[in-house]
Protein chains: 2
Amino acid sequence: MPQRSATNKVMLEVVKTACSNCNLRELCMPLGLDHREMEKLDEMVSARHRIRRGEHLYRAGQRFDAIYAIRSGFFKTDVLIEDGRDQVTGFQMTGELLGLDGISTETHSCNAVALEDSEVCVIPFSHLEGLSREIRTLQHHFHKVMSREIVRDHGVMMLLGTMRAEERLAAFLLNLSQRFTARGYSPAEFYLRMTRDEIGSYLGLKLETVSRAFSRFQEEGLIAVQQKYVRILDTAGLKKLMSHQRG
Amino acid sequence: MPQRSATNKVMLEVVKTACSNCNLRELCMPLGLDHREMEKLDEMVSARHRIRRGEHLYRAGQRFDAIYAIRSGFFKTDVLIEDGRDQVTGFQMTGELLGLDGISTETHSCNAVALEDSEVCVIPFSHLEGLSREIRTLQHHFHKVMSREIVRDHGVMMLLGTMRAEERLAAFLLNLSQRFTARGYSPAEFYLRMTRDEIGSYLGLKLETVSRAFSRFQEEGLIAVQQKYVRILDTAGLKKLMSHQRG
DNA sequence: CGGAGACTTGACCCCAATCAATTGCGGTGG
DNA sequence: CCACCGCAATTGATTGGGGTCAAGTCTCCG
C-alpha cells in the first residue's frame, strides 16, 4: 500500500507506471514472472513515451535500439516502397509490442504511427537481451511473443492470398472483437481507430470496397455500423461467411 | 586434422556434420561464434534427420520441441484452414530455419514438406534457449533470425496486398535468385523445386496465371523458362516491372 | 456555419479466376 | 524400347469480383 506522506503523489505516479502494477501484466512482458524478477523488469522499463495521434513512434530507416510496449492507445505499422505504394502491416493495441522488425538489421523496417493519443513503455533492447539471459521465464516469453508475431503474419498472408473481400473484412472484425475482449472491452461494440483507407490497405482492398462490404454486412443484419462505430450483431454469421469460398 | 586410425571414417563423418565445419556456418546458427562457443553448438545440434521428397518434417498440430536448420534440400511451409483452402507461407532453402512458428503455442502451426530429398539439423529448442543464456552472440543472432522472418513476412504481405500478378512473379524470381546467389549458385539460372500451383499459392495467384506470367516474361525476353528450369536474362527488366503499378 | 476530410454509392472496366482442351514430361511395365 | 498412364504445364475463351472514376453525403471542428 502507498505510504500516506508528502511524496504520496510521486509514489502513486511511480506505482502507476511500474510493470508490477500495470493492469496489462497478463498480456505484456511480465507474464509469468515472480516478484523479484518483476522488480528487475521495472528497472529496465524505466522510460515512458507519449505519442500524440498522428505522430510517429519510429520511422523506417531509423536506428533500432528499443522495442515498445503499448501502455495505452492504438497504433498502425506500415511499410512503403520506392514507387509510393504502401501497406499497413498491422494494428497494435494495449499490451502489444512494437519494433520487433527492427532487431534483424538494427534499423526499423516500417513506420509506427499512433492512431490515437498513446503511451508506450520503452524497452531498451540490449537490456532486454541481458535480462533474458538471467531470467528464463522472460526469455521464453519473449521468444513466444516473437513467434506469435510470425504466426499472426501467416494468418494475414492467408487472408490476403485466399480470401475474398467480404471474408477479409469479417476476419478483420472478428479479430478486433477478440482482442478487445481479451482487454476487458465489449466483444460486440467498438470504435474503429483507423480509416477505411487504412483498413483497406491492411486487407489488400480499396477503401470503396471496404465501405461496400460494411454496407452489405449492415444490410444483411450482421453488424450495425455508423462511421467508426461498429456493433457486431451476428458473430456466428460473420464466422460462417469466412468458411464459404463463394456464395 | 583427423587422426589416421581405425576410427578415421567415423571421425570424418562426425566432422562432416559438425556446425564448426559446416559450409553453411556463415548463413546458419553459428554465425559470429568463436571456437569454444562453436563446440557447444556442435554438442547441442547432435541429431540429423533425412527427409525424402514429399515427406513432412512436421505437421500443423504436432507438439513443438525443436527447430530445424536445413543442411541440404528445399522445403515449403503451408497452412490450411477448415474449409480446405490452403496457402504456402514460404519456401526454405539451405541454412534457413524451420519451425519458428511453433514456439508461440508449443504446437506447430503449419506443415513443413520437403520439395526434394533433404537433410535437417535438429536443434532442441530448450537447449537452444539454454545456450542462448550462456552465449550472448548466439542469443542475439537467434533474435535477429526471428526478426528477419517477421520482416520477410511483411514483404510477402506487401506483395500480396499491393502487387499485380506479374509484379509478384518478378519479385519471387528475383528473391530466389538472390538467395541462390548467397549460397554460391548462379544468380541467373536455377531449377524451381516447386510446382506452378505451389508458386501460385504462395503468391496468391492461380496456377494458370503463374503459367501465363512465365510465358509473357519469356515472350518479352526477360527470362528463358522450360518447365522447372529458369534462366534470368534481364534482371533490370524484372526489377523495372516491379516499380510500375500499371502499364 | 462553412470547409475539409472521411465515407458512401453508382457506373463502368479490367485483371485474374474459372472452365476447358491440349500438350509435354517422367516413370512404369509389357 | 516404346506404349501408356498420370501429373504438370500451357493456352484459349469467358466471366466476375474488385478496381477505378466520379458524384454526392456526412461529420467533425475551427
Side-chain angles (χ1 to χ4, degrees), chain A residues 52-54 76 84-88 115-117 159-172 191-220 223-230 241-242 244-247, chain B residues 52-54 76 84-85 87-88 115-117 159-173 191-220 223-230 241-242 244-247:
Chain A
R52 295 268 182 84
R53 176 194 161 116
K76 71 167 177 181
R85 277 181 285 187
D86 68 340
Q87 168 129 6
V88 172
L115 295 182
E116 59 183 29
D117 292 356
L159 179 145
L160 293 171
T162 72
M163 294 187 185
R164 41 188 65 243
E166 293 190 0
E167 293 178 289
R168 295 184 198 188
L169 189 63
F172 174 71
Y191 280 91
L192 299 171
R193 271 69 172 185
M194 69 295 282
T195 66
R196 299 287 188 267
D197 197 26
E198 286 162 338
I199 297 172
S201 173
Y202 181 62
L203 299 178
L205 303 168
K206 291 291 152 183
L207 69 95
E208 294 93 329
T209 306
V210 173
S211 181
R212 277 185 248 272
F214 269 124
S215 300
R216 180 83 81 89
F217 286 178
Q218 178 144 261
E219 280 169 33
E220 289 168 357
I223 63 170
V225 54
Q226 192 177 13
Q227 304 286 122
K228 300 241 157 99
Y229 169 80
V230 172
L241 198 71
M242 284 179 54
H244 291 305
Q245 247 158 309
R246 80 206 78 252
Chain B
R52 296 267 183 84
R53 177 195 160 113
K76 71 167 177 181
R85 276 180 288 186
Q87 168 129 6
V88 172
L115 295 182
E116 61 183 29
D117 293 355
L159 180 145
L160 292 171
T162 71
M163 294 187 184
R164 42 189 64 246
E166 293 191 1
E167 292 178 291
R168 295 184 199 188
L169 188 65
F172 174 71
L173 291 173
Y191 280 91
L192 300 172
R193 271 70 171 183
M194 69 296 280
T195 65
R196 300 287 188 269
D197 197 26
E198 287 162 337
I199 298 172
S201 174
Y202 181 62
L203 298 179
L205 302 169
K206 291 292 151 182
L207 68 95
E208 295 94 328
T209 306
V210 173
S211 182
R212 275 185 247 272
F214 269 124
S215 300
R216 180 85 81 89
F217 285 178
Q218 177 144 259
E219 280 169 32
E220 291 170 355
I223 63 170
V225 56
Q226 191 178 12
Q227 304 286 121
K228 298 242 156 97
Y229 169 81
V230 173
L241 199 71
M242 285 179 54
H244 290 305
Q245 246 157 310
R246 80 206 79 248

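Note that the coordinates shown come from a computational prediction; the quantities given were computed from them, not determined experimentally. Letters A, B, ... mirror the listed sequences (proteins, then strands); counts begin at 1.
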Straight-line distance of Leu205(A) CG to Glu166(A) CD, nearest 0.5 Å:
10.5 Å

Nearest-0.5 Å distance, OG of residue Ser211(A) to CG of residue Asp197(A)
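CG of Asp197(A) is found 11.5 Å from OG of Ser211(A).
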
State which residues pass side chain to side chain contact (heavy atoms under 4.5 Å, CB included) with [X]; sequence neighbours excluded, sorted by chain then number.
| X | value |
| --- | --- |
| Gln227(A) | none |
| Glu208(B) | Lys206(B), Arg212(B) |
| Ala170(B) | Phe217(B), Leu238(B), Leu241(B), Met242(B) |

Just jot down the side-chain hydrogen bond (donor to acceptor under 3.5 Å, both in side chains) partners of Tyr191(B), sequence neighbours excluded, or say none.
none

Under the side-chain hydrogen bond (donor to acceptor under 3.5 Å, both in side chains) test, residues paired with Arg193(B) that sit two or more places apart:
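Only Glu116(B) meet the side-chain hydrogen bond (donor to acceptor under 3.5 Å, both in side chains) criterion with Arg193(B).
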
Is a donor on one side and an acceptor on the other found under 3.5 Å between the side chain of [X] and the backbone of [Y]?
| X | Y | value |
| --- | --- | --- |
| Ser201(B) | Val88(B) | yes |
| Gln218(B) | Val225(B) | yes |
| Arg168(B) | Leu203(B) | yes |

Roughly how many Å is it from [atom1] in [X] to [atom2] in [N], rounded to a whole number?
| X | N | atom1 | atom2 | result |
| --- | --- | --- | --- | --- |
| Leu205(A) | dA16(C) | CG | C1' | 15 Å |
| Leu169(A) | dC7(C) | CG | P | 13 Å |
| Asp197(A) | dT8(C) | CG | P | 12 Å |
| Leu203(A) | dG17(D) | CG | C1' | 16 Å |
| Arg164(A) | dA16(C) | CZ | P | 16 Å |
| Glu166(A) | dG16(D) | CD | P | 16 Å |
| Arg196(B) | dG24(C) | CZ | P | 15 Å |
| Lys206(B) | dA13(D) | NZ | P | 22 Å |

Reckon Leu207(B) touches a base, only the sugar-phosphate, or nothing at all at heavy-atom distances under 4.0 Å?
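The residue Leu207(B) makes base contact.
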
Have a look at Gly204(B) and say if it touches a base, only the backbone sugar-phosphate, or nothing, with a 4.0 Å heavy-atom cut-off.
sugar-phosphate

Return no unless some side-chain N or O of Lys228(A) is found under 4.0 Å from OP1 or OP2 of dC7(C).
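For Lys228(A), the contact criterion (side-chain N or O under 4.0 Å from OP1 or OP2 of dC7(C)) is met.
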
Contact list (N/O, under 3.5 angstrom) for nucleotides 22-30 of chain D vs protein:
from	atom 1	to	atom 2	distance (Å)
dT27(D)	OP1	Gln226(A)	NE2	3.4

Over all heavy atoms of both residues, which pair between Gly161(A) and Gln87(B) is shortest? Give the atoms and the distance, please.
CA-OE1, 3.2 Å

Close residues, residues 211-218 of chain B, relative to DNA chain C [heavy-atom separation under 4.0 Å]
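Within this stretch, Arg212(B) sit under 4.0 Å of the strand.
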
On DNA chain D, more 5' by nearest nucleotide between Thr209(B) and Val210(A) is Thr209(B)

Those residues that, when tested against Arg53(A), pass salt bridge (charged side-chain N to carboxylate O under 4.0 Å, His left out) (two or more places apart):
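With sequence neighbours excluded, Arg53(A) shows a salt bridge (charged side-chain N to carboxylate O under 4.0 Å, His left out) to no residue whatsoever.
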
Between the two end axes of the helix from dC1(C)-dG30(D) to dG30(C)-dC1(D), each built from 5 base pairs, what angle do you get to the nearest 10°?
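What I find for the helix from dC1(C)-dG30(D) to dG30(C)-dC1(D) is an axis angle of 30°.
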
